[in-house]
Amino acid sequence: MLFSEGEEAEGFFIVGRGKVKVFKLSPEGKERILHIVHPFQTFAEAAIFGNGLYPAYAEPLEKSLLIFFPKNEFLTLLHEHSQISINMIAGLSRFLRQFTTQIEELTFKDVPARLARYLLELAGDEADEVQLPISKSQLASNLGTVSETLSRTFRKLADDAIIEVRGKTIEFLDRDRLEDLSEKYRE
């Protein structure tokens, strides 16, 4: 565990290699992944401001190389170099937009639509096949559902000839229908 929710924020991190999950725990101990941090992405930088506490838990998903920026030294650097502050604000703004999208999808879209969007974002504009970078149980948590519902959703999309699932490899059989599904809101 890199840090726990409520601990004093001593700094923030950049992932050099590997993956880190940032998550919350319910009072019953149920895990909800907020996001997966990939190489060259930062995390926990917002915690060095405000109340100075980490708002969630962070744990590597695999052997990882992390770069740690201590809070006090980094704040001094921000005072001395305003461009770093501007870049950091831009990064935090992107992160805020991602969370806004995540909240919108959890509120207004069902699991098939959220899964379709995730797969399309993972593939980008060109690819018709993706490798899931995380386990299906981690993906379920990231999409705000449970493993059983995610498995049923994968099976339904495969039965409808929209995708083909081979372990962690997902092939798009009908990208247009997948795109339509990703934009569908709950009735």
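Throughout, numbering of the chain's residues begins at 1 and tracks the sequence.
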Quiz question: by atom type and distance under 3.5 Å, do the side chains of [X] and [Y] form a donor-acceptor pair?
X: Q138; Y: S135; result: yes
X: Q131; Y: T169; result: yes
X: Q83; Y: N87; result: yes

ask   = Are side-chain heavy atoms of L115 and F154 found at a separation under 4.5 Å?
value =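 The answer is yes, as the side chains (C-beta and beyond) meet within the 4.5 Å cut-off.
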Quick check for you: to the nearest 0.5 Å, what is the distance between [X] atom [atom1] and [Y] atom [atom2]?
X: S137; Y: E148; atom1: OG; atom2: CD; answer: 10.0 Å
X: L139; Y: L132; atom1: CG; atom2: CG; answer: 6.0 Å
X: L173; Y: L178; atom1: CG; atom2: CG; answer: 10.0 Å
X: F172; Y: I162; atom1: CZ; atom2: CD1; answer: 11.5 Å

ask   = Does the side-chain contact (heavy atoms from CB on, under 4.5 Å) test come out yes or no for V165 and K136, once each step is laid out?
value = CA-CA 12 Å; V165 181; K136 288 180 181 171; 3.6 Å; yes
Is any NZ, NE, NH1 or NH2 atom of the basic residue among [X] and [Y] found under 4.0 Å from an Asp or Glu carboxylate oxygen of the other?
X: E179; Y: R175; result: yes
X: K21; Y: E59; result: yes
X: R155; Y: D159; result: no

key: Plane angle bin for F23 and Y57 - parallel if under 30°, tilted between 30 and 60°, otherwise perpendicular   =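 Ring orientation of Y57 relative to F23: parallel.
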query = So, for S64 and G18, which heavy atoms are closest and what is the spacing to 0.1 Å?
reply =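 For S64 and G18, the tightest heavy-atom pair comes out as OG-CA, 3.4 Å.
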inquiry  = Using every non-hydrogen atom in the two residues, find where L181 and P112 come nearest and quote the distance to one decimal.
reply    =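 Nearest heavy atoms, L181 then P112: CD2-O, 3.7 Å.
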key: Row check, F12 ring normal vs K71 NZ/CZ: under 6.0 Å, within 45°   =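 No, K71 does not sit over the ring of F12.
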ask   = Within a radius of less than 6.0 Å around CZ of R17, do more than 12 heavy atoms belonging to other residues, nucleotides or ligands occur?
value =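 Incorrect, the count does not exceed 12.
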task = Go through the steps to decide whether T100 and R97 satisfy the test side-chain hydrogen bond (donor to acceptor under 3.5 Å, both in side chains), and finish with yes or no.
result = CA-CA 5 Å; T100 302; R97 280 192 300 277; over 6 Å; no
